[in-house]
Peer 1: 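My questions all concern the structure below.
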Amino acid sequence: MGEPEVRPGEIVGSAPDRTDATLIFIGRIRTPFQSLSDCPRQGEKDGPVCRIEIDEPWRQAMEGLEAHKELQVLYWMNGARRDLLVQMPRTRGGRAGTFALRSPARPNPIAVSIVAVDAIEPGAILVRGLDCLDGTPLLDIKPWRCRSMQQNETP
């Protein structure tokens with residue numbers, strides 16, 4: 001997959017020649033979406049069931065997930081551009097800086113979705129609400145807790 005085109009009005013920058021962190025992919029996300037045009041703009045909790053596959057070394061970290069109905073899933077949009085400073089969103093008029101958008105094109109293409117848990121299997125979580133391509137690298141999973149949750153719940 002090549003880099004998406006630069007639309008008129010967009011500005012491309014270049015990243016500094018350094019890295020500050022190392023990320024570890026802990027699994028892969030399996031979705032029915034094979035191309036960007038297949039992906040929903042943002043995931044819907046009544047969308048298709050997707051499978052979050054956890055790599056073997058990290059499976060023990062799934063302990064206790066069954067207590068949560070919703071999860072925050074962080075993933076790496078590995079097909080996204082990383083050099084756009086200003087973008088021309090297709091869904092709204094005018095230009096906007098990358099940090100003012102939810103676009104996957106960003107210096108560090110980390111995406112986050114709040115998903116509804118359908119089922120938990122050994123080494124996998126079945127969820128609804130994702131908006132990424134099949135095979136997307138998984139960065140992390142956290143229980144989703146909105147502010148209205150009671151304070152006496154265990155972490």
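Just so we're clear, the structure is a prediction, and the values are computed from it rather than from any experiment.
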Peer 1: Got a donor-acceptor contact below 3.5 angstrom from the S113 side chain to the L130 backbone?
Peer 2: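 Judged by distance alone, no pair lies under 3.5 Å.
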Peer 1: Using a 4.5 Å cut-off between side-chain heavy atoms of Ile, Leu, Val, Met, Phe, Trp and Tyr, which other residues end up in the same hydrophobic cluster as L126?
Peer 2: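 So far as hydrophobic clustering goes, L126 is joined with V49.
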Peer 1: Please check this pair: side chain of R106 against backbone of A111, looking for a donor-acceptor N/O pair closer than 3.5 Å.
Peer 2: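 Judged by distance alone, no pair lies under 3.5 Å.
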Peer 1: Using every non-hydrogen atom in the two residues, find where E121 and M62 come nearest and quote the distance to one decimal.
Peer 2: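 Distance-wise, the nearest heavy atoms are O-CE, 3.7 Å.
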Peer 1: Can you give me the closest heavy-atom contact between S35 and S37, atom names plus distance?
Peer 2: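 Scanning both residues completely, I find the closest heavy atoms to be OG-OG, 3.0 Å.
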Peer 1: Should side-chain heavy atoms under 4.5 Å link Ile, Leu, Val, Met, Phe, Trp and Tyr, which residues sit in the same cluster as I11?
Peer 2: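 Noted: I11 shares its cluster with L85, V86.
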Peer 1: Following the transitive rule for hydrophobic clusters with a side-chain heavy-atom cut-off under 4.5 Å over Ile, Leu, Val, Met, Phe, Trp and Tyr, establish whether I125 and W76 coincide in one cluster.
Peer 2: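 Different clusters: I125 never reaches W76 through Ile, Leu, Val, Met, Phe, Trp or Tyr contacts under 4.5 Å.
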Peer 1: Using side chain to side chain contact (heavy atoms under 4.5 Å, CB included), reason through R82 and N108 one step at a time and then give a plain yes or no.
Peer 2: CA-CA 7 Å; R82 298 182 70 180; N108 293 302; 3.1 Å; yes
Peer 1: In chain order, what residues pass the side chain to side chain donor-acceptor pair (under 3.5 Å) check against D134, with sequence neighbours excluded?
Peer 2: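 With sequence neighbours excluded, D134 shows a side chain to side chain donor-acceptor pair (under 3.5 Å) to no residue whatsoever.
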Peer 1: Supply the atom-to-atom distance Y75 OH to I29 CD1, rounded to the nearest 0.5 angstrom.
Peer 2: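 One gets 6.5 Å once the value is rounded to the nearest 0.5 Å.
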Peer 1: Taking transitive links into account, so neighbours of neighbours count too, which hydrophobic residues share a cluster with L84 at under 4.5 Å side-chain distance?
Peer 2: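 Joined to L84, directly or through intermediates: V6, V12.
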Peer 1: Determine the minimum heavy-atom distance between F33 and P48, stating which atoms define it.
Peer 2: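 Nearest pair, atom of F33 first, then P48: CZ-CG, 3.7 Å.
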Peer 1: Drop me the distance from E10's CD to R81's CZ, to the nearest 0.5 angstrom.
Peer 2: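 So the gap between those two atoms works out to 8.0 Å.
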Peer 1: Name all residues meeting the side chain to side chain donor-acceptor pair (under 3.5 Å) criterion together with R59; count only those two or more places apart in sequence or in a different chain, and write none if there are none.
Peer 2: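 Side chain to side chain donor-acceptor pair (under 3.5 Å) list for R59, sorted by chain: E56.
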Peer 1: Of the non-hydrogen atoms in A116 and E70, which two are nearest, and what is the gap between them?
Peer 2: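 That would be CA-CG, 4.4 Å.
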Peer 1: Using every non-hydrogen atom in the two residues, find where P89 and G94 come nearest and quote the distance to one decimal.
Peer 2: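 P89 and G94 have their closest heavy atoms at CD-O, 3.3 Å.
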Peer 1: Kindly list each side-chain donor-acceptor pair under 3.5 angstrom involving residues 135-143, sequence neighbours excluded, with atom names and distances?
Peer 2:
from	atom 1	to	atom 2	distance (Å)
T136	OG1	L133	N	3.4
T136	OG1	L133	O	2.6

Peer 1: Compare every heavy atom of P104 with every heavy atom of A80, then report the nearest pair and how far apart it is.
Peer 2: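 Looking at all heavy atoms of both residues, the closest pair is CB-O, 3.2 Å.
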Peer 1: Would you say R95 has more than 12 foreign heavy atoms packed within less than 6.0 Å of its CZ?
Peer 2: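 Open.
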